[in-house]
Amino acid sequence: MGELVVFDMEWNMGYAPKTFLYQGVEQVLRGEIIQIGAVKLRDGKLADRFSVLLKPSIFPRLHHHVAKVTGLSQKQLDAGMPIAEGLRQFIQWCGPDAQLAEWGLDDVPVLRQNLVLYGLEENWPCHWYDVQKIFTTQHPRQPGESMTLEAVVERMGIEKQDSFHDALSDAVYTAQICTFLDMEKGIQEYPTEEQLLQELLCPADKNRQDYTSWPKSADGETWCEPSMRQASCPHCGAPLELDDQDIWLRKGNNSMYSLAQCKEHGPVMIWLRRMRLDGLLYSFARATEVADEQQTKKWQKERRAALARAERKKQEMAALALERVKNAGR
């Protein structure tokens, strides 16, 4: 496996949202890094440590929730290193070709956004891994079992010497969990971003076909483009026809679906999925699924409800506009 950098970060957030432009598209800032902790694993052993406290400039006021979770104070943040310098030192300590690992997939998106905001190498790191995913592959999760870092530390019998939600302590705990894993095997078998997207869109318990993906985009609404919504029948390859109102419904924040028709083979569901692992660019994919009678009836019910909601909203907007006109004339 060679060398692996296991890291953790804490970040501050604002009392009001902050946006920034990336590739001409407005993005919401997830947070501003205030603490980085990391350890290097060489041949499965803890070899080196890195820790830095950073002074935020976009969200200079410490959020009360962050203070409660981390135990940090405003005075500590004010005495921290400037973020750009701290990030440069972290990159230099890790090395340009470093492989990074974290518990979960929350830190790299924030790291990438901060690198962009402070004019540093936005494409670093090139390779990063979710230790939690490797852990659950090799130690399957039991029903009702928590997968928080603290819960897994307890499960593996690791001694709790330091508090959690401190970046260095959490990085050390994550590295200690790695020593119970076959990390070389986990990294070799780790799915690519494309494979992760396909797993999300085409899970094993669904009969979805014709998986198609699109290049990354900073625009999260790319899936509204007609070309992404046009699909073919999985039976005969004929173009599927959507209804005249082109109704698409959302499932969660990152899935959309609609019911289309093949003239010869009947109803087919079209599924769209987006994913953004690095906090900057979205990946998109589409798949089709032959719809049975139950799915078709469910879709028709959902479609009627969506149209009714749209009509109510239209009436409310019209009433509001009329009220404004009346008030302006008084």
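Values below: every heavy atom of this structure, side chains too, minus hydrogens, waters and symmetry copies.
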For residues 54-61, dump all side-chain donor-acceptor pairs below 3.5 Å to protein atoms at least two apart in sequence or in another chain.
{"unit_1": "Ser57", "atom_1": "OG", "unit_2": "Glu32", "atom_2": "OE2", "d": "3.4"}
{"unit_1": "Ser57", "atom_1": "OG", "unit_2": "Tyr118", "atom_2": "OH", "d": "2.7"}

field: Glu194 side chain to Ser213 side chain, donor-acceptor N/O pair below 3.5 angstrom
entry: yes
Min side-chain heavy-atom separation Gln113-Arg30 under 4.5 Å: yes
- prompt: Is there a side-chain contact (heavy atoms from CB on, under 4.5 Å) between Val172 and Asp162 once you walk through the steps?
  reply: CA-CA 9 Å; Val172 171; Asp162 299 297; 5.8 Å; no
- line: Correct closest heavy-atom pair for Ala98 and Pro125 would be O-CB, 4.4 Å
field: Atom pair CG/CD of Asp106 and Gln132 - distance to nearest 0.5 Å
entry: 9.0 Å
Hydrophobic cluster identity match, Leu249 and Leu201, side-chain contacts under 4.5 Å: yes
- prompt: Take atom NZ in Lys160; do more than 12 heavy atoms of anything else shown fall under 6.0 Å from it?
  reply: yes
- prompt: Hey, does the side chain of Asn123 reach the backbone of Cys126 with a donor-acceptor pair shorter than 3.5 angstrom?
  reply: no
query: Under 4.5 Å between any side-chain heavy atoms of Leu117 and Ile83, yes or no?
result: no
task: Kindly give the heavy-atom pair with the smallest separation between Leu272 and Met228, and that separation in Å.
output: CD2-O, 3.5 Å
query: Knowing that exactly one of Val66, Thr70, Val110 qualifies, which makes a side-chain contact (heavy atoms from CB on, under 4.5 Å) with Trp11?
result: Val110
- prompt: Can you find a heavy atom in the side chain of Leu242 that is under 4.5 Å from one in the side chain of Leu259?
  reply: no
task: Quick one: pull up CG in Asp107 and CD1 in Ile33 and give me the separation to the nearest 0.5 Å.
output: 8.0 Å
- prompt: What do you reckon, is CZ of Arg49 surrounded by more than 12 foreign heavy atoms closer than 6.0 Å?
  reply: no
message: With a 4.5 Å cut-off on side-chain heavy atoms, are Val5 and Gln99 touching?
response: no
Mutual orientation of the aromatic rings belonging to Phe135 and His139 [parallel < 30°, tilted 30-60°, perpendicular > 60°]: parallel
- prompt: Can Lys313 and Glu316 be counted as an ion pair, charged N to O under 4.0 angstrom?
  reply: no
field: In one Ile/Leu/Val/Met/Phe/Trp/Tyr side-chain cluster, 4.5 Å: Phe180, Tyr129
entry: yes
- request: Ignoring hydrogens and angles, state whether a donor on the side chain of Tyr282 or Glu221 is under 3.5 Å from an acceptor on the partner side chain.
  value: no
field: Joint cluster assignment, Trp299 & Met256, ILVMFWY side-chain distance < 4.5 Å
entry: no
- request: Please assess Arg286 against Asp210 for the test salt bridge (charged side-chain N to carboxylate O under 4.0 Å, His left out), listing each intermediate value before the final yes or no.
  value: CA-CA 8 Å; Arg286 181 190 67 215; Asp210 297 334; over 6 Å; no
Donor-acceptor pair, side chain of Arg303 and main chain of Leu307, under 3.5 angstrom: no
message: Centre-to-centre under 6.0 Å for Trp124 and Phe90, is that the case here?
response: yes
task: Please examine the side chains of Val25 and Gln27, heavy atoms only from C-beta on, and report whether any two atoms are closer than 4.5 Å.
output: yes
task: Verify, without hydrogens or angle tests, whether Thr179 (side chain) and Gln176 (backbone) share a donor-acceptor contact under 3.5 angstrom.
output: yes
query: In terms of side-chain geometry, is the basic nitrogen of Glu225 or Arg229 positioned less than 4.0 Å from the acidic oxygen of its partner?
result: no
- line: Heavy-atom closest pair (Arg274 atom, Asn253 atom, distance to 0.1 Å) is NH2-O, 2.9 Å
message: So that I can tick it off, tell me whether Lys133 and Glu102 are bridged by a salt bridge, with the cut-off set at under 4.0 angstrom between side-chain N and carboxylate O.
response: no
- request: State, to 0.1 Å, how close Ile134 and Ile187 come at their nearest heavy-atom pair, and which atoms those are.
  value: CD1-N, 4.4 Å
query: Do the charged groups of Glu289 and Lys206 touch, with an N to O distance under 4.0 Å?
result: no
Side-chain H-bond candidate by donor/acceptor type, Glu122 with Tyr22, under 3.5 Å: yes
- line: Nearest heavy-atom approach of Leu168 to Ala38 is CD1-O, 3.8 Å
message: Just by distance, no angles: are the side chains of Trp93 and Asp48 close enough, under 3.5 Å, to form a donor-acceptor pair?
response: yes
message: Surrounding NE2 of His235 (heavy atoms of other residues, nucleotides or ligands, distance under 6.0 Å), is the total greater than 12?
response: yes
- prompt: Which atoms form the tightest heavy-atom contact between Val39 and Ala175, and what is the distance?
  reply: CG2-CB, 3.4 Å
- prompt: Under 3.5 Å, is there a donor-acceptor pair between the Glu199 and Gln195 side chains?
  reply: no
task: Assess whether salt bridge (charged side-chain N to carboxylate O under 4.0 Å, His left out) is satisfied between Glu323 and Lys326, documenting all intermediate values.
output: CA-CA 5 Å; Glu323 185 67 22; Lys326 289 180 179 179; 5.1 Å; no
- request: Test side-chain hydrogen bond (donor to acceptor under 3.5 Å, both in side chains) on Thr288 and Gln209 and set out the steps.
  value: CA-CA 5 Å; Thr288 56; Gln209 306 174 57; 5.8 Å; no
message: Could you check whether any side-chain heavy atom of Leu240 comes within less than 4.5 Å of a side-chain heavy atom of Ser232, counting everything from C-beta outward?
response: no
query: Any sub-3.5 Å donor-acceptor pair from Gln138's side-chain atoms to Asp182's backbone N or O?
result: yes
query: Quick one: does NZ or CZ of Arg208 land under 6.0 Å from the six-membered ring centre of Trp271, within 45 degrees of the ring axis?
result: yes
Trp103 with Leu181, same ILVMFWY side-chain cluster at under 4.5 Å: yes
- line: Going by chain and number, the hydrophobic cluster around Met317 (ILVMFWY, side chain to side chain under 4.5 Å) further includes none
- request: Please determine if Glu293 and Lys297 form a salt bridge, counting it only when a charged side-chain N lies under 4.0 Å from a carboxylate O.
  value: yes
- prompt: Shared ILVMFWY cluster between Leu200 and Phe284, side chains joined below 4.5 angstrom?
  reply: no
message: Within the structure provided, determine whether Gln35 and Val52 are in side-chain contact (heavy-atom separation under 4.5 Å).
response: no
query: Can you tell me how far the CD atom of Glu302 sits from the CD1 atom of Ile247, to the nearest 0.5 Å?
result: 12.0 Å
query: To the nearest 0.5 Å, what is the distance between CZ (Phe50) and NZ (Lys40)?
result: 10.0 Å
query: Does the pair Cys236 and His265 meet the rule for a side-chain contact (heavy atoms from CB on, under 4.5 Å), with working shown?
result: CA-CA 8 Å; Cys236 63; His265 296 101; 3.5 Å; yes
- prompt: Take atom CD in Gln315; do more than 12 heavy atoms of anything else shown fall under 6.0 Å from it?
  reply: yes
query: Under 3.5 Å, side chain of Glu154 to main-chain N/O of Ala151, donor-acceptor pair present?
result: no
query: Sub-3.5 Å donor-acceptor pair from the side chain of Arg276 to the main-chain atoms of Pro109, do we have one?
result: no
query: Under 4.5 Å between any side-chain heavy atoms of Leu41 and Cys178, yes or no?
result: yes
field: Value rounded to 0.5 Å, distance of CG in Leu105 from CE in Met275
entry: 9.5 Å
statement: In this structure, CE of Met81 is separated from CG of Leu53 (nearest 0.5 Å) by 9.5 Å
